[in-house]
Amino acid sequence: MAMALGARVKPTKGFLLQLKKRVGFIEEGYRLLELKRDELANELRASLGELAAKKKRLEERVEGALRNLGRAYASLGSKEMRSQTGAVEKNLEIDVLPKSVMGIPVPYLKVLSEPSLVNKFGPIARSVAREFQELMRELMEVAELESRIERIADDLEKTNRKVNALEKIVIPEYKRIIKQIEDRLDEDMLEEFIRTKFVRSIISGRRA
Amino acid sequence: MPEYLIVRCHGLATHLLPSQVIEGLASSRNLQDFANMLGPTDYGERVRGLKKIDAHGLERIFNEELAKRYRRVIEAAPDNLKEFLKAYCRRLEVQAISRILRGKFSKSPPQEIKRTLPPLDGLSEINLDKIVEAESVEKALELLKPSPYKEIIGSLDLCRKYRTSLPLELHLKRAYYTMVLDALQSLPGDDRERIRTLLGIEIDTANCFTALAPFLHGHSPELVKQLFIPYFFKLAPSKLEEIAEAKSPHTVAKLLATYRDLARALVEERDEVLAETVSLTILKKEAVRQMVVSSVAFTYVVCFLILCEVERRNLVFLAFSLEQNLEPKNYLVM
């Protein structure tokens with residue numbers, strides 16, 4: 001008794017060969033995706049470590065910079081500080097550009113222009129201004145890294161889903177269909193053999 | 001008669017907060033505690049009048065009190081000393097003009113510039129409002145032509161070349177010290193020399209900060225060499241130029257041996273607030289020393305004004321430190 005196959009599945013040898021070829025191809029893709037998943041997981045782990053270290057350093061620097069800003073503020077007075085900060089050029093321009101990491105587009109920040117601190121500011125304010133400019137650069141590095149981690153994590157999730165789908169659904173389904181076709185072909189072959197045997201016995205009965 | 005002025009300053013000096021009080025204020029737990037401790041002082045009445053106790057409100061009171069003390073001294077001075085004292089007290093006017101020109105150079109709106117001006121009531125003869133409203137820095141400088149600061153217009157080219165208002169600000173200081181040192185000529189010989197020493201310390205430390213800008217912050221040595229205040233006390237111009245060119249901390253420390261503590265704060269600690277504290281401490285110590293040796297001379301009056309400035313600085317520092325939970329003790333001028 002022939003098993004029910006899908007409408008698009010033809011129980012032919014040609015189709016079986018085509019299907020086997022396709023499964024081979026899918027399995028190859030599955031292996032590659034598995035490799036990608038492992039690589040992404042490694043990259044994510046390394047990036048998270050880097051982020052933790054950078055964030056710790058940044059927090060320490062922010063604390064120090066705020067303390068120094070507070071002292072500068074206290075020393076110069078609010079009006080002088082306001083006057084000095086008001087004179088800073090407002091030309092910080094950043095471009096967000098795509099960069100590919102293992103085929104994943106991650107953003108990277110390119111500073112097009114930033115306020116120049118050279119030859120600017122009187123004593124005290126210039127130290128604070130410099131510290132904050134360095135802090136701003138570090139902040140951008142951390143933002144870039146966080147965004148990169150987010151994208152990698154997203155892609156890792158997608159890749160994982162694909163790997164799981166291939167491993168648990170697609171490949172077993174194809175294998176099941178192949179098995180069904182093979183069984184069907186075996187049945188057909190047996191039927192054909194018996195039919196041939198019948199015909200041969202009828203012919204030999206007539207001769208006799 | 002200067003005697004009345006000197007006696008008056010002896011009286012006013014009793015209003016200055018002694019070191020123990022400043023130390024007590026530094027130990028306040030919070031701003032409210034700080035304000036309460038100021039109750040019995042000259043600041044008490046206005047502090048009590050504040051709707052909300054915050055550092056900005058207190059700062060305004062301290063600035064106003066300094067301006068008031070300047071005015072009192074000028075009012076009590078005889079005509080022959082009034083000119084010098086007026087010139088000396090123009091440092092607040094210089095501060096204001098400096099902020100106006102900085103604002104004009106960076107094209108800040110007039111309202112924003114006005115917010116940065118110190119209280120000057122009666123201490124300036126220049127119509128600052130008109131300068132604040134000037135369309136451009138060039139127009140603002142035009143308005144300064146009838147004042148003692150007319151020469152600073154020459155530094156505009158430097159400002160344009162290096163894209164900074166620093167030359168204008170420092171040339172303004174230069175014009176101020178020129179004016180004060182000129183006015184000093186009218187004083188008797190002994191007072192002249194003593195006050196020159198005090199001004200010399202101020203100028204030297206200001207030049208020191210300027211000279212170290214290339215070493216500490218990468219400013220252009222060529223620019224910095226043109227920004228010194230050309231009155232030198234213990235630091236010769238050649239030494240300042242060498243400092244501006246210096247590349248190693250060792251060289252700087254060697255060249256600044258006269259102001260060793262200042263050099264240490266700037267070069268080793270890289271702490272400009274501490275360096276400012278050190279420079280004011282040097283000035284205060286000299287002023288206190290002069291007050292003892294010249295207790296019945298005009299120098300006493302200038303020393304009193306210096307102590308008023310130091311008190312204002314300490315109080316402002318304490319107010320903001322307390323508001324921001326910072327430890328102020330190493331940064332007080334004692």
Side-chain angles (χ1 to χ4, degrees), chain A residues 56-94 111-141, chain B residues 55-56 59-60 62-63 95-96 98-100 102-103 105-109 112-113 115-118 162-167 169-170 206 208-210 212-213 216-220 223-224 266 270-277 312-313 316-328 331:
Chain A
K56 195 177 170 219
R57 203 177 58 220
L58 184 72
E59 273 164 24
E60 282 166 7
R61 289 205 64 181
V62 167
E63 210 180 299
L66 286 176
R67 196 172 45 237
N68 291 340
L69 175 67
R71 280 204 189 110
Y73 208 86
S75 174
L76 293 173
S78 66
K79 286 173 186 277
E80 178 65 18
M81 205 61 179
R82 193 183 188 119
S83 167
Q84 299 232 20
T85 49
V88 180
E89 299 162 339
K90 284 127 192 120
N91 63 342
L92 178 65
E93 254 186 274
I94 298 163
V111 179
L112 299 175
S113 67
E114 60 181 346
S116 160
L117 302 181
V118 179
N119 303 328
K120 306 268 163 55
F121 301 110
I124 301 174
R126 58 194 174 203
S127 310
V128 182
R130 201 174 188 196
E131 203 171 358
F132 269 82
Q133 190 171 51
E134 281 163 16
L135 204 64
M136 185 64 93
R137 286 182 194 140
E138 267 188 49
L139 208 62
M140 284 196 283
E141 268 178 42
Chain B
H56 289 86
E59 183 196 25
R60 200 185 59 243
F62 303 143
N63 286 338
Q95 214 173 63
S98 191
R99 290 175 194 169
I100 295 172
R102 192 186 290 145
F105 195 80
S106 58
K107 298 184 172 69
S108 300
E112 188 54 38
I113 297 173
R115 284 169 158 189
T116 66
L117 302 184
Y162 291 96
R163 293 169 57 222
T164 171
S165 61
L166 217 53
E169 294 169 35
L170 287 163
C208 222
F209 276 101
T210 308
L212 274 168
L216 294 173
H217 304 287
H219 287 200
S220 155
L223 171 67
V224 159
L266 281 170
R270 298 247 171 177
D271 187 342
E272 287 189 308
V273 179
L274 185 64
E276 190 231 11
T277 311
R312 185 211 69 93
R313 189 271 183 193
V316 171
F317 196 92
L318 282 172
F320 282 105
S321 297
L322 281 168
E323 194 172 71
Q324 294 167 66
N325 283 323
L326 296 170
E327 175 53 55
Y331 297 90

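Numbers restart at 1 for each chain; the letters A, B, ... are given by sequence-line order, proteins then strands.
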Checklist entry - Between the side chains of B/Thr116 and B/Arg99, does any donor sit under 3.5 Å from an acceptor? => result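 Their side chains do not contain a donor-acceptor pair, so the 3.5 Å distance test is not met.
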
By a 4.5 Å heavy-atom criterion (distance strictly below it), what part of [X] contacts chain A: side chain, backbone, both, or neither?
X        : answer
B/Leu216 : backbone
B/Arg270 : neither
B/Phe317 : both
B/His56  : side chain
B/Leu266 : neither
B/Ser220 : both

Checklist entry - Under the criterion side chain to side chain contact (heavy atoms under 4.5 Å, CB included), which of A/Leu69, A/Val88, A/Asn68 is the partner of A/Phe132? => result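 Exactly one candidate clears the test, A/Leu69.
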
Next on the checklist: Please evaluate residues A/Glu114 and A/Asn91 with respect to the criterion side-chain contact (heavy atoms from CB on, under 4.5 Å), reporting the C-alpha separation (whole Å), side-chain torsions for both, the decisive distance (0.1 Å), and the verdict.
Outcome noted: CA-CA 6 Å; A/Glu114 60 181 346; A/Asn91 63 342; 5.5 Å; no

Next on the checklist: For a 4.5 angstrom cut-off between non-hydrogen side-chain atoms, does B/Asp271 reach B/Tyr331?
Outcome noted: yes

Next on the checklist: Below 4.5 Å, heavy-atom pairs only: which of B/Glu276, B/Gln324, B/Glu327, B/Arg102 has the largest tally toward chain A?
Outcome noted: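 Result: the option with the highest number of such pairs is B/Arg102.
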
Checklist entry - Any idea which heavy atoms bring A/Ala72 and A/Met81 closest together, and the distance? => result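 Taking A/Ala72 first and A/Met81 second, the nearest heavy atoms are CB-CE, 4.0 Å.
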
Item to check | Shortest non-hydrogen contact from A/Gly86 toward B/Ser106 | outcome: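 Looks like O-OG, 3.8 Å.
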
Item to check | Toward chain B, the part of A/Glu89 with a non-hydrogen atom under 4.5 Å | outcome: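 Side chain only.
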
Checklist entry - With a 4.5 angstrom heavy-atom cut-off, which part of A/Arg126 approaches chain B: side chain, backbone, both or neither? => result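 Answer is both: backbone and side chain atoms of A/Arg126 are under 4.5 Å from chain B.
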
Item to check | Under-4.0 Å salt bridge between B/Arg115 and B/Glu112 | outcome: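 Yes, this pair counts.
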
Checklist entry - For chain B, which of A/Ala87, A/Gly70, A/Ser78, A/Gly122 has the most heavy-atom pairs under 4.5 Å? => result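 Heavy-atom pairs under 4.5 Å are most numerous for A/Ser78.
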
Item to check | Selection from A/Ile124, A/Val118, A/Asn119, A/Leu117 maximising heavy-atom pairs under 4.5 Å formed with chain B | outcome: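 Sorted descending by pairs with chain B, the first entry is A/Asn119.
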
Item to check | Criterion side-chain contact (heavy atoms from CB on, under 4.5 Å) on B/Asn63 and B/Arg312, from CA distance to verdict | outcome: CA-CA 7 Å; B/Asn63 286 338; B/Arg312 185 211 69 93; 2.7 Å; yes

